[in-house]
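Okay, so here's the structure we're looking at.
This structure is a prediction, so every number in the text was calculated from the model and none was measured.
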Amino acid sequence: LAKTTQPISMDSYEGQEVNITCSHNNIATNDYITWYQQFPSQGPRFIIQGYKTKVTNEVASLFIPADRKSSTLSLPRVSLSDTAVYYCLVGASFSGGYNKLIFGAGTRLAVHP
Amino acid sequence: NAGVTQTPKFRVLKTGQSMTLLCAQDMNHEYMYWYRQDPGMGLRLIHYSVGEGTTAKGEVPDGYNVSRLKKQNFLLGLESAAPSQTSVYFCASRRLNQETQYFGPGTRLLVL
């Protein structure tokens, strides 16, 4: 399973765009890249997932370069409520018939007024 | 539609006691998982299940047992609790052929 590396913490201010980059040099051909968000005392929540190029939903965008060895989660115009831990995960559901996600320590994003 | 629920929310145990954590999902998901999360760390997979009546070990299975007698329920058991099992336990489920896992609110366990 591909190991991921992401910054331990980041700080931002309300209204700014935040980009969190994740490195996954050993990503396999079948692996997807998934980002989860976790607030204190809650379980992680799915944000976005992609395989290559760019994916956008109502919450975030995910940019994946052609070599897929890294990915960037982009949060537009963050607010205080975006303060959370963000996890980058790499894995494939269908290899071996199960979804074995490896959670690292994540990136603690603090949004300031 | 409650999603994934966990019982209890908080529990204090003495070393050597046993207990069972219950996870229930009403989304008819095939896959279910138990994770533990220690302070400042990510989640680690304890056990998982790919369907009713089947279970398998994850990264940190020692000291835990699981059962999935019904599709909607996944039980995590601690036969003889140890202080090292003090943690927050999360249950998750997902649909077959979909990547997204849905997590419960967690169970905070303190073993004295």
Side-chain angles (χ1 to χ4, degrees), chain A residues 1-9 20 22 24 27-28 30-52 55 57 59-60 62 64 71 84-108 110, chain B residues 2-7 9-10 21 23-25 27 29-51 54-61 66 68 74 87-109:
Chain A
L1 294 168
K3 179 181 177 180
T4 61
T5 302
Q6 51 184 123
I8 294 175
S9 64
I20 305 175
C22 179
H24 29 80
I27 190 169
N30 293 335
D31 286 343
Y32 283 77
I33 300 156
T34 310
W35 286 80
Y36 282 79
Q37 174 192 55
Q38 185 178 26
F39 297 114
S41 302
Q42 293 187 27
R45 183 175 70 105
F46 172 86
I47 300 177
I48 197 167
Q49 182 184 76
Y51 184 80
K52 60 180 179 181
V55 179
N57 61 23
V59 176
L62 179 59
I64 306 169
S71 59
V85 178
Y86 293 82
Y87 296 98
C88 165
L89 297 97
V90 173
S93 291
F94 313 121
S95 59
Y98 61 88
N99 175 236
K100 188 174 181 180
L101 297 180
I102 303 296
F103 283 82
T107 297
R108 294 185 174 276
Chain B
V4 179
T5 58
Q6 294 183 231
T7 308
K9 289 184 172 55
F10 176 70
L21 282 66
C23 175
Q25 51 95 4
M27 298 174 283
H29 286 174
E30 289 79 10
Y31 290 61
M32 296 188 74
Y33 308 82
W34 274 108
Y35 294 89
R36 62 176 287 174
Q37 184 173 37
D38 299 312
M41 298 179 65
L43 283 73
R44 292 184 291 171
L45 182 64
I46 305 172
H47 286 280
Y48 64 96
S49 168
V50 300
T54 69
T55 63
K57 295 180 179 180
E59 297 176 75
V60 289
V66 289
R68 189 151 178 220
F74 195 28
S87 188
V88 180
Y89 292 86
F90 289 100
C91 175
S93 70
R94 76 170 178 96
R95 189 179 304 281
L96 181 66
N97 294 336
Q98 284 191 359
E99 295 286 340
T100 305
Q101 291 192 18
Y102 294 85
F103 285 82
T107 294
R108 191 172 298 272
L109 177 65

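- Proximity to chain B (any heavy atom under 4.5 Å) is restricted, for A:Q42, to the backbone atoms N, CA, C and O.
- Residue contact with chain A, scored on non-hydrogen atoms closer than 4.5 Å, involves the side chain of B:R108 exclusively.
- Considering OG1 of B:T100 and CD1 of A:I48, their distance stands at 11.0 Å, rounded to 0.5 Å.
- Interface summary for chain B: among A:Q49, A:R45, A:R108, the most heavy-atom pairs under 4.5 angstrom belong to A:Q49.
- For A:Y87 against B:Q37, the heavy-atom pair with the smallest separation is OH-NE2, 2.9 Å.
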Practice task
Start with the C-alpha distance between B:F90 and A:Q38, add both sets of side-chain angles, then the distance that settles side-chain contact (heavy atoms from CB on, under 4.5 Å), and finish with yes or no.
Solution key: CA-CA 12 Å; B:F90 289 100; A:Q38 185 178 26; 3.6 Å; yes

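- Contacts of B:Q6 with chain A are absent, with no heavy-atom separation under 4.5 Å from either backbone or side chain.
- Between the CZ atom of A:F46 and the OH atom of B:Y102 there is a distance of 7.5 Å, given to the nearest 0.5 Å.
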